[in-house]
**Student:** 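Input: one structure, supplied below.
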There are 2 protein chains.
Amino acid sequence: MATLKYSRQREVIKEYLASTKEHPTADTVYLHVRKTFPKISLGTVYRNLNLLADTGEALKITTPDGGVRFDATTTPHYHVLCCKCGCVQDLDMKPIDTLDEQAQQCYNGIIRSHSVLFNGICSQCSKELSTH
Amino acid sequence: MATLKYSRQREVIKEYLASTKEHPTADTVYLHVRKTFPKISLGTVYRNLNLLADTGEALKITTPDGGVRFDATTTPHYHVLCCKCGCVQDLDMKPIDTLDEQAQQCYNGIIRSHSVLFNGICSQCSKELSTH
DNA sequence: CTCGGTGCAAACTGTTTGCAGTAAA
DNA sequence: TTTACTGCAAACAGTTTGCACCGAG
């Protein structure tokens, strides 16, 4: 892998990613970053997001609807997908470290890690539901 | 939802899906189904796969690389994604039904269900690894 | 000077859709 | 006859890539 060179664009993307608790799509990142960097191109955003994912500075997560989202929190954690608004939130729950071992008992190959996605309704949307 | 009408194409797709233990992509389904139904179009395959997913006769699963796969096994179960060959296999392990409750403790909104994807190496690929 | 990064636009991939014709009910 | 389903091709969305220029080291 070639040595990285500093770039103002990448820095802005990292800052934005670290500042938000949402899990923005590439497009959302583009829209926000463009506020402070109007001439940035979507291609550059994609290139840098993938770069950050490769170097482990960000996480690339895919939702069941096929959407790709980025997450600056790289320590293992689970996610909740809201089936109303489609938002993805972090779940403040300790990952089950014995899960891999359990799975290994039932599997011929090698288990390395796992990811869990919960489906549900975020607090915002469930509030709106109850007011109807 | 409109009432379904019988279609030979849909039947062939269902048969193929039920016959395989792999989790084929739409394209793989298309390739196989075309053997017995040469004039079927890719659009029809997509329409029917989505239809089956909607009626609950098949499961639509997305892998972290963004690929979409279909699974005729609709009872809850976990999956293993092989990071070598990219195949997706069923894991013969009882789903953890307390997981949703655990997650609910840590979450403001509503948790309904969850899915788990294990990352690892399938038995086929791990065999090939050890012979090098 | 060298080589990684950028903006832009074109290309590409996987999927959906509009249409006119076909076939199940 | 009615209306869902089909094949086809065009359209579409999200993402990647080739290129000429820019800028960090």
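Keep in mind that this is a model prediction, so the values were computed, not measured. In what follows, every chain begins at residue 1, and chains take the letters A, B, ... in the order their sequences are listed.
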**Student:** Scan D27(A) against the nucleic acid and name what it touches under 4.0 Å (heavy atoms): base, sugar-phosphate only, or nothing.
**Tutor:** nothing
**Student:** Using only atom types and a distance under 3.5 Å, with no angle test, would you say the side chain of Q104(A) pairs donor to acceptor with the backbone of G109(A)?
**Tutor:** yes
**Student:** By nearest heavy atom, map R8(B) and G43(B) onto DNA chain D; which one lands nearer the 5' end?
**Tutor:** R8(B)
**Student:** Under the side chain to side chain donor-acceptor pair (under 3.5 Å) rule, what do S126(B) and S123(B) come out as? Steps first, then yes or no, please.
**Tutor:** CA-CA 5 Å; S126(B) 55; S123(B) 54; 5.7 Å; no
**Student:** Between K60(A) and N50(A), is a side chain to side chain donor-acceptor pair (under 3.5 Å) present by the stated rule, with each step listed?
**Tutor:** CA-CA 8 Å; K60(A) 205 175 180 172; N50(A) 286 334; 2.9 Å; yes
**Student:** dG7(C), OP1 or OP2 - any side-chain N/O from T44(A) closer than 4.0 Å?
**Tutor:** yes
**Student:** Given atom CG of D54(B) and atom P of dA4(D), what is their separation to the nearest angstrom?
**Tutor:** 15 Å
**Student:** Where do Q124(A) and E128(A) land on the side chain to side chain donor-acceptor pair (under 3.5 Å) test, with the steps shown first?
**Tutor:** CA-CA 7 Å; Q124(A) 181 68 32; E128(A) 284 167 17; 3.2 Å; yes
**Student:** Rounding to an integer number of Å, can you tell me how far L49(A) CG sits from dG14(D) C1'?
**Tutor:** 13 Å
**Student:** Rounding to a whole Å, what distance do you find between F37(A):CZ and dG5(C):P?
**Tutor:** 14 Å
**Student:** Would you please indicate yes or no on a ring centroid separation below 6.0 angstrom for Y78(B) and H114(B)?
**Tutor:** yes
**Student:** Would you say N48(A) places a side-chain N or O within less than 4.0 Å of OP1 or OP2 belonging to dG5(C)?
**Tutor:** no
**Student:** Between protein and nucleotides 19-24 of chain D, map the contacts as a letter string: B base, S sugar-phosphate only, - none, heavy atoms under 4.0 Å, written 5' to 3'.
**Tutor:** ----BB
**Student:** Using whole Å, what does the distance between atom P of nucleotide dG14(C) and atom NZ of K60(B) come to?
**Tutor:** 15 Å
**Student:** Taking CD1 from I61(A) and C1' from dG14(D), how many angstroms apart are they, rounded to a whole number?
**Tutor:** 17 Å
**Student:** What I'd like to find out is whether the side chain of V80(A) reaches to under 4.5 Å of the side chain of L117(A), using heavy atoms alone.
**Tutor:** no
**Student:** Nearest whole angstrom, please: distance from the P of dG7(C) to the NZ of K39(A).
**Tutor:** 8 Å
**Student:** Establish, with yes or no, whether the OP1 or OP2 oxygen of dA23(C) is under 4.0 angstrom from a side-chain nitrogen or oxygen of Q9(B).
**Tutor:** no
**Student:** Send over the distance from R34(B) CZ to dT6(D) C1', rounded to a whole Å.
**Tutor:** 16 Å
**Student:** 5'-most contact on DNA chain D: V68(A) or S41(B), nearest heavy atom basis?
**Tutor:** S41(B)
**Student:** Would you say R69(A)'s side chain and I61(A)'s backbone share a donor-acceptor pair under 3.5 angstrom?
**Tutor:** no
**Student:** Rounded to the Å, how far apart are D65(B) CG and dT16(D) P?
**Tutor:** 12 Å
**Student:** Could you pick out which residue, A26(B) or R10(A), lies toward the 5' side of DNA chain C when each is mapped onto its nearest nucleotide?
**Tutor:** R10(A)
